[in-house]
Structures are given as structure tokens and as C-alpha cells.
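Structure first, commentary second.
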Protein chains: 2
Amino acid sequence: MITLASATIYDVARRAGVSPATVSRVLNGNHRVSPELRQRVLEAARALNYAPNYSARSLSSQRTATLGLLLPDIANPFFAEIARGVEDAAAEAGYTLLIGSTDGDPLREQHYVASLQAGRVDGILFAGANLGAPLLEGWLVRGVAVGLVDRLVDEDDVPVDAVLTDNVEGGALAVRHLLNLGHTRLAVVTGPQRVRTARDRLVGAHQAAAERGVSLDPDLIIEGNFKESGGYQAARILFSRPNPPTAIFAQNDMMALGVLRYLEEAGIRVPDEVALIGFDDIAFAALSRPALTTIAQPKYEMGRLAAQLLVERLADSQQAPRRLVLQPRLVLRQTTVVHREA
Amino acid sequence: MITLASATIYDVARRAGVSPATVSRVLNGNHRVSPELRQRVLEAARALNYAPNYSARSLSSQRTATLGLLLPDIANPFFAEIARGVEDAAAEAGYTLLIGSTDGDPLREQHYVASLQAGRVDGILFAGANLGAPLLEGWLVRGVAVGLVDRLVDEDDVPVDAVLTDNVEGGALAVRHLLNLGHTRLAVVTGPQRVRTARDRLVGAHQAAAERGVSLDPDLIIEGNFKESGGYQAARILFSRPNPPTAIFAQNDMMALGVLRYLEEAGIRVPDEVALIGFDDIAFAALSRPALTTIAQPKYEMGRLAAQLLVERLADSQQAPRRLVLQPRLVLRQTTVVHREA
DNA sequence: CTGCGTGCAGAAAGCGGTTTCTCAAAGGGT
DNA sequence: ACCCTTTGAGAAACCGCTTTCTGCACGCAG
């Protein structure tokens, strides 16, 4: 193998007739070096096409300029948008991004956690699903900066930065909207109940109902899986029963699309016979037919903010943890109102 | 900052009463170490919660166990699926994945290329869009393994591994299908013509037409941008003209969805009045209404294969470059045939 | 003219592993 | 019983960069 080894700082130093220390100083711009030597070093570096070795720099400086992002699935459009936000903010701050999809599988998560520890990344972001406090504290103890996006540990008191949507309010927004339209038989297709996000949205739904002095029929609350198939199955169950709902709140858009598919196949017209609202506002929510009314989360922004928080923590690990709660927004489209989207 | 420094190999060595070299040997499983010492070392390592430092290991061993993936946009579902394939295959081979979205912007690409060189990754995969041969050869020269996914350099002779879909055949499949349905006025909404993929699909379209002794009307070939908006605009142009097409081949699904939106707004029925076929078979193609007939590419598989090729090259950099060309597949749905999808 | 502060640059000590080299001890053959 | 080979394990060099420490030269004040 013709590994023409790339130039090192020693090569540059020799060519410029200075010491490696001086080359390092010039390249890092920190210390005062005479203009003349600086010039010589820069020329030598260019001539040799020098690029500092990443591992050596990391080892010596104890930072990697790399952030990790662990999420359930990069192919899931919701998380992909968050990831893009993280990536952009990370790039702006001079970091690159290591991404791992865990499928929510503790084993895969363990695998990544193990491979990221020990100085591989300066900080790590967990997106989606739930996380046990013990694991998290292990990270904190190891001195790795940690942040959460759209995810919370069950124990509320773990001191960690987090960026979240107000899921309780989001759930309430959805149900209020359906109630405003005059519906009384509301179904909720929830996410997995072990996921905090799903529970919160359900709490909000109950709250909104209570505000109006009504309560949600437990028989119309079905636990789904946050996937298209789960929405489809849930709808099938709901409409095989004697007294089906007139409105459905699916706790994310993918399930809403599954519900929509079932309703179409069953010949049930939306929104005329059944109203439907989703959650997330993924890109395809606007493209489905009928277009999906939904509760929008600022996904890209959440990613950006989470990365920024993490970068700031890297700069000052002592500052108090911050928790950013963003407000969700009702986006009216065709599955709840008969008029076309403006 | 309470950086309770994590244990090093020296700490483990001291605790086990052996030399650091022995610890290294035990942990890497290579050399023969007496069972007794091995036992002592493992216990010490566990007791200290030892994890080898990544940077140190990389510096010393000259490998990073990291792969880079540069793509236009991780939030684009087409590339996200490829990325997931890459990630899974990489993980299986013991590598983690660094991802960078370039937006096809040469500047961003330069930025990433610069930050990935110099031993940050063992190999790098470029997905999508075009790549100049000079840049690529720069990488090859530096001894970084390189692979391409769904992307080709314009110069056909650059010796590099690549995984591609047969885009010419895909374009031909699409047009053959439309011709088989009896259409004669075919429009093509292409991707940007600077992109090889787009040009190839158009070449295939022309070939398929020629096979039947017809030729595509140049006025019905519109250059788009591979985005939803581009499909919408193209459709608007096509149908503002005196003699609109009866069938449209959009060179990717996002544009097809844009076309679909225009047709719906214009009250043109699909497939009754106009047939439509896309390309890629992104997840949402099946969920649109009417569901999109399209030319499927094995995206996830392409990612997997590309990563596998790269890993194999890492093991043997001398083997001849391989070019894997996967066959696209026609997926019948509702936008070309009146019957429902089975 | 001497002493001291200041600025620039080199020497050298890490950072935390891997790996070669060396050596001691054990094992085997005659 | 002796010599040579093999095996296990430590010493030390090295990977390439950062950073502290040291020293030299110069300028200025006493």
C-alpha cells in the first residue's frame, strides 16, 4: 500500500526552519509569533499541503470538536429534521456530528453509548423516546456534556439541558380544536405509554376535555406505536366497534396518515364524517390528501437550540442546566375543516 | 470543573500489578497472556470502569473506526434512507458514522472535506449529486478510502468504488410504462441537468421512446430541481400551454408530488386525464393520494452495499474498484392505472 | 554601565494508547 | 546435564500535536 504519509508538523517546521512549537502557534493563531516566521510557516504548510492530524490534536488538546447525536431512526422524517438542525448549529460552532440510530433498542443504545464514551465526542445529544436517569448520570459523571431533545428523563430532577415542545399544551390544542368543531366522541390514538411524550400529550388531551366539562371515553383511547401501521390498526379497531368516534387525535403524523389510509379504504369521508388531527407537522402532512391538520413542532429549531445549548455548556460546564420549552402550534388543513387550506 | 479524569491504561496496569503493555494486549485480545494475568487485568479494568481513550488509540493505531458520509441533505427522505443503510452496515463492521449535509453547496462541501481529512475518518462516502474528479483524486492520494453512492464522477475512469441504480434503465422503464398505457404526449420533468443522475434518466427516456419509434417532444421536457416546488412549477408551465401532455414522468418523487398538487388544484384528474410516474419510491409515495406509481430504487440497500464496499476496501486497499449497478423496479400504484393497488 | 522586565522561539514533557524490542524463564531435544 | 528455542511480560519508543518551561536578546530605567 502506497501510504504516502501526509506531512506532519515536523515536516513543516523543518521546511520553514523553525521549531514544531512555532508551527503549532502559528496554525492555532494564539501566541505572538513574528510576522516573518509566521509567513514562512504558512508558506511551508501550504507547500506541503499540511493538515493537522485530528487524533493527535484531540489527544493533546483533550477536545474532539465532535458532537454525538443518538436518535431512534435517522430515516424517520421527524428526527431527520431535528438532526439537520443539530448539524447546522454544530457546524456553525465548528463541530462535526456523529449520528447513531438506536431504534429505541436498549442494546443498540448501549452499543453506541459504549463506543462514544472515552473521549470520542465532546458532548452528546439524545433525541426522542425515554432515557433512564442512571445511564444519563453515568455520562454526566464521566465529564461528557449531555443534552436532550424531545426527550425527558422520567425523574424530573436530573440536572441536564433539554429542549422540548410543550406536549401537554399540544395535546390540549388538538382536543380543543376538535371540541370547538362540535365533536363529542373523540378518539385518541396515543404513542407507546412508556414514552413520556405520548403520556404528556394524553394528559393535555384530558385537560382540554376537562376544561369543557367533558371527559374522554376510555374505550376510545388506543395505544399505538407512532408508526403508520399503528394508526391503521387503531382506526380499524375503532371502527369495528358499535359506536365509533366522530373525531380522532393521532399523537403523531405518521399514525394520522395510517388512520387516513384506513378511513379511505373503509369509504369514510374526511373531514365530513370523521375529523382527524395529527402531531409534529412533518413535511408530508401538507402533501397528504386530504392535507393533514396537525399540531406543529419546531423540529429544526429544536435541533438547533439543543446543539447551541450543548456548545455553550462545553464552554462553561458549571452553568445551571437550562430547559427550553417551545410552544406547539395548530396548523389547519383539510382533515378537520371542510374549506380548503388558504 | 470537576473533571474526574477517567482511568488510563496505566491505572489499570498499576492496579493489576502488570505493565501497560500487558493491559493493552489483554484488552485487544491479540497476544498470548497467561490466564492468570488476563484475569487480573480484566478485574482491574472493570473495577476502575476503564474505557480506552479513543484519540490515543486512533493516534497510535492509525485508524479511527469512523466513516464519513457526505450527502446533500439528511432531512431529505431519499438520502435519509441511504444514510440508514450506511449506518447499519457500518455499525455491523464496528464503525461509527460522521454525517455532513452539504446542500450541494461546494463551499459546505469544501468545509466538510477539509474537516474530515487528516485522519479523522478511515473512509468517506459521497452520496448524491456530482463530484469533480480532481477533488476525488485528492482524497485517493491522501490515502483515504473513498466510495460513491448514487453519484458518479463525470469522468468515467476514476478508479473508485460506487453503488448506483441503473438510471438509464429506470428512465426507460418509466417511459415504457407510459407508452404501454397508450400515451403519446409524454412530458418529462427532469432534475438539474448538471446532475448525472438526471441526465441518465433522460437518456433512458429517450431510448425507450426510440425503441417504439417515437420521439419525445422537446417542448415537453422541463428542467426541475428535484424538489416539490419544482414539480409544481413545471406542471403549471406544461398546462398553461396549448397542447398539454397526457402523461408525465417526473424524475423523482418529490417533484411528482408537486406535479400532483398542481393537477389537483387545477382540477385535472389523475390518472384519468393525466398519468403520472415518479422515481425513487420514497416512503411517502405509497401514502399520497392518489398513490404514486414510481420507479423504485433500493435506497437502504444501496447504503448498506456502499458501506460494505468501503469496509472491504479498508481491509484491502489494492483490490480493483468495484461498481455495483442495481436494477430499478416499476411500482404500480394509482397515478397511472385506474385500478387500485392490490 | 549594569540590572531587570518583556517578547519571541526552542526544548521538552506530556496526552494515552500500541507495538517493537529485549530479556528472563521455561521447555524440549540430545 | 547443557544448549537452544519458545513463550510471556516489561521497557521504551513512537503516533503527532499542544503547552509549559526555559533561555536568549533586546530595550529601558536606575
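A, B, ... follow the sequence lines: proteins, then strands. Residue 1 opens every chain.
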Indicate whether OP1 or OP2 belonging to C:dT18 is found under 4.0 Å from a side-chain N or O atom of B:Asn28. yes

Counting distance only, does the side-chain N/O of A:Asp11 pair as donor-acceptor with the main-chain N or O of A:Thr8 below 3.5 Å? yes

Taking only the side-chain nitrogens and oxygens of A:Ser34, find out if one of them lies under 4.0 Å from OP1 or OP2 of C:dA9. yes

With a 4.0 Å cutoff (strictly under), does any side-chain N or O of A:Thr8 reach OP1 or OP2 of D:dG16? no

At less than 4.0 Å, is any side-chain N or O atom of B:Tyr10 found next to OP1 or OP2 of D:dG10? Yes or no. no

Does the distance from a Lys or Arg side-chain N to an Asp or Glu carboxylate O, for A:Asp161 and A:Arg323, drop under 4.0 Å? no

Before accepting this row, confirm whether a basic side-chain N of the pair B:Glu109/B:Arg151 lies closer than 4.0 Å to the acidic partner's carboxylate O. yes

Could you state the atom-to-atom distance from CD of B:Glu36 to P of D:dA9 in whole Å? 8 Å

Measure from the side-chain heavy atoms of B:Ser19 and tell me the nearest of D:dT19, D:dA11, D:dC17. D:dA11

Rounded to whole Å, please give me the gap between CG in A:Asn53 and C1' in C:dG16. 14 Å

Do B:Arg108 and A:Asp88 sit within salt-bridge range, that is, some charged N less than 4.0 Å from a carboxylate O? yes

Do the side-chain N or O atoms of A:Arg25 get closer than 4.0 angstrom to the phosphate oxygens (OP1, OP2) of D:dT18? no

For D:dT18, does either OP1 or OP2 sit under 4.0 Å from a side-chain N or O belonging to A:Ser61? no

Partner of A:Arg120 by side chain to side chain donor-acceptor pair (under 3.5 Å), out of B:Asn53, B:Thr64, B:Thr96: B:Thr96

Does B:Thr22 put a side-chain nitrogen or oxygen below 4.0 Å from OP1 or OP2 of D:dA9? no

Here the distance between atom C1' of C:dG14 and atom CZ of A:Arg57, to the nearest Å, is 17 Å

Position toward the 5' end of DNA chain C (nearest nucleotide), B:Leu59 or A:Pro20: A:Pro20

How long is the straight-line distance from CZ of B:Arg313 back to CD of B:Gln319, given to the nearest 0.5 Å? 5.0 Å

Determine the contact category for B:Val18: base if any of its heavy atoms lies under 4.0 Å from a base atom, sugar-phosphate if only primed atoms, P, OP1 or OP2 are that close, otherwise nothing. sugar-phosphate

Please report, rounded to the nearest Å, how far the C1' atom of C:dG16 is from the OH atom of A:Tyr54. 15 Å

Nucleotide nearest A:Ser24 (side chain, heavy atoms from C-beta), chosen from C:dT18, C:dA9, D:dT19: D:dT19

Can you tell me the distance, in whole Å, between the CD1 atom of A:Ile9 and the P atom of D:dT19? 11 Å

Starting the side chain at C-beta, find the nucleotide from C:dG10, C:dA9, D:dA9 nearest to A:Ala21. C:dG10

With a 4.0 Å cutoff (strictly under), does any side-chain N or O of B:Ser60 reach OP1 or OP2 of C:dG17? no

Just how far, in rounded Å, is C1' of D:dC17 from CG of A:Leu27? 11 Å

Roughly how many Å is it from CD in A:Gln62 to C1' in C:dA13, rounded to a whole number? 14 Å

Taking CG from B:Leu37 and C1' from D:dA9, how many angstroms apart are they, rounded to a whole number? 8 Å

